[in-house]
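Letters A, B, ... mirror the listed sequences (proteins, then strands); counts begin at 1.
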Number of protein chains: 2
Amino acid sequence: MNISDAADRSGLPAKTIRYYEDIGLVRPARSENGYRDFGETELHKLVFLGRARALGFTIEDCRALLALYEDDDRASGDVKRIAEGHLDQINQKIADLEAMRATLSHLVACCHGDDRPDCPILEGLGGPAQA
Amino acid sequence: MNISDAADRSGLPAKTIRYYEDIGLVRPARSENGYRDFGETELHKLVFLGRARALGFTIEDCRALLALYEDDDRASGDVKRIAEGHLDQINQKIADLEAMRATLSHLVACCHGDDRPDCPILEGLGGPAQA
DNA sequence: CCTTGACCTTCCAGTGACTGGAAGCCTTAT
DNA sequence: ATAAGGCTTCCAGTCACTGGAAGGTCAAGG
């Protein structure tokens, strides 16, 4: 299967698939003409990578997860540890974003947003530190 | 004031301050020896930038906000529009992360996490599409 | 006066995970 | 024979810094 079919079936852009080969995540065979030739196994890995990336795992996490996926003697504890670490990071990011949202939505709510210069948002950013 | 004092008083790393000058966000004076010399106005802008960045505004948003901050004839509506746009993006990011968290925490909860290879997390990533 | 150490300067390269584009080869259909 | 489309590689750019090298400046101590 050529790269554009692999792209269609995995949902990843062809550019991304080439990049994943560059960094050693997949190793498609090559046809005589030099084109990449994806078998079911490599396609399967692309799907796996697409799902893991969609869950926000880093490429290095994906590399580790893929190695575990292909290792019949893996310990599920290793997988779970990676996933829990990532879950902690997601929770941290959500907490950070919620703190931003709280501050910013308060400022936005206080701003009348018309053509006058008076603006609590700018005051919050530039004024003296607030409690 | 030299850059390290500006860094201490603004909370930004000196490297970041130099970068902000590079991209034209601040324009500190120069002493005869070539050192940057920050007055209160430039320091104030650094504090403003630090707060805006902490709220997740992009550098280009910061540039626009700073211009409005320095414009006595601004319309607060312009500020509010930028802030609301950013708030939308924050909300979108939170929603994305919460979706990831829901999927991932479910998978993690299903994984016994011991030394056996059986692993619902990997099955979720590599298996057939789920409803 | 000299040295030491802490500053400061500029410039270059790297981060993560792609993405866009150029230049050129291959295939398929007309 | 040619035109369109797909494939290849390689280089550069994204965002907002961050690290490090090479070298100039300054204040204190001997």
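- Between B/Asp22 atom CG and D/dA16 atom C1' the separation is 12 Å, expressed in whole Å.
- Extent of DNA chain C lying under 4.0 Å from chain A heavy atoms, first and last nucleotide in 5' to 3' order, is C/dA17 to C/dT27.
- Remark: the backbone N or O of A/Asn91 is not paired with any side-chain donor or acceptor of B/Arg101 at under 3.5 angstrom.
- With sequence neighbours left out, the ring pair (Phe, Tyr, Trp, His ring centres under 6.0 Å) criterion links B/Phe38 to no other residue.
- Judged by distance alone, the side chain of B/Asn2 and the main-chain N or O of B/Ser4 form no donor-acceptor pair under 3.5 Å.
- Here B/Ile23 lies out of heavy-atom contact (under 4.0 Å) with every strand.
- Heavy-atom distances under 4.0 Å link DNA chain D to A/Lys15, A/Arg18 of residues 14-21 of chain A, given in residue order.
- Looking at B/Ile94 and B/Glu98, their side chains come closer than 4.5 Å, going by heavy atoms from C-beta outward.
- In this structure, the separation between CD on B/Glu42 and CD on B/Glu21 is 8.5 Å, given to the nearest 0.5 Å.
- A side-chain donor-acceptor contact under 3.5 Å links A/His86 to the backbone of A/Leu55.
- Sequence order on DNA chain D of the closest nucleotides to B/Phe57 and A/Ile3 puts A/Ile3 first from the 5' end.
- Here the side chain of B/Asp37 pairs a donor or acceptor atom with the backbone of B/Met1 at under 3.5 angstrom.
- In this structure, the side chain of A/Arg53 does not engage the main chain of A/Cys62 through any donor-acceptor pair within 3.5 Å.
- Rounded to 10°, the helix from C/dC1-D/dG30 to C/dT30-D/dA1 has 30° between the axis fitted to its first five pairs and the one fitted to its last five.
- Rounding to whole angstrom units, CG of residue B/Leu46 and P of D/dA16 are separated by 17 Å.
- Remark: side-chain polar atoms of A/Arg18 are not paired, donor with acceptor, to backbone N or O of A/Ile3 under 3.5 angstrom.
- For the pair B/Thr58 and D/dC15, the criterion of a side-chain N or O lying under 4.0 Å from OP1 or OP2 is not met.
- Judged by distance alone, the side chain of A/Arg74 and the main-chain N or O of A/Tyr69 form a donor-acceptor pair under 3.5 Å.
- Looking at residues 31-39 of chain B, you'll see B/Asn33, B/Tyr35 sit with a heavy atom under 4.0 Å from some atom of DNA chain D.
- Residue-environment remark: NE2 (B/His106) stays at or below the threshold of 12 foreign heavy atoms within 6.0 Å.
- A heavy-atom distance below 4.5 Å is not found between the side chains of A/Gln89 and A/Gln92.
- No donor-acceptor pair under 3.5 Å is formed between the side chain of A/Ser10 and the backbone N or O of A/Leu43.
- Remark: nothing in residues 85-105 of chain A comes within less than 4.0 Å of DNA chain C through any heavy atom.
- Put simply, the side chain of B/Leu25 does not reach to within 4.5 Å of the side chain of B/Tyr19, judged on heavy atoms.
- Put simply, the side chain of A/Leu65 reaches to within 4.5 Å of the side chain of A/Phe57, judged on heavy atoms.
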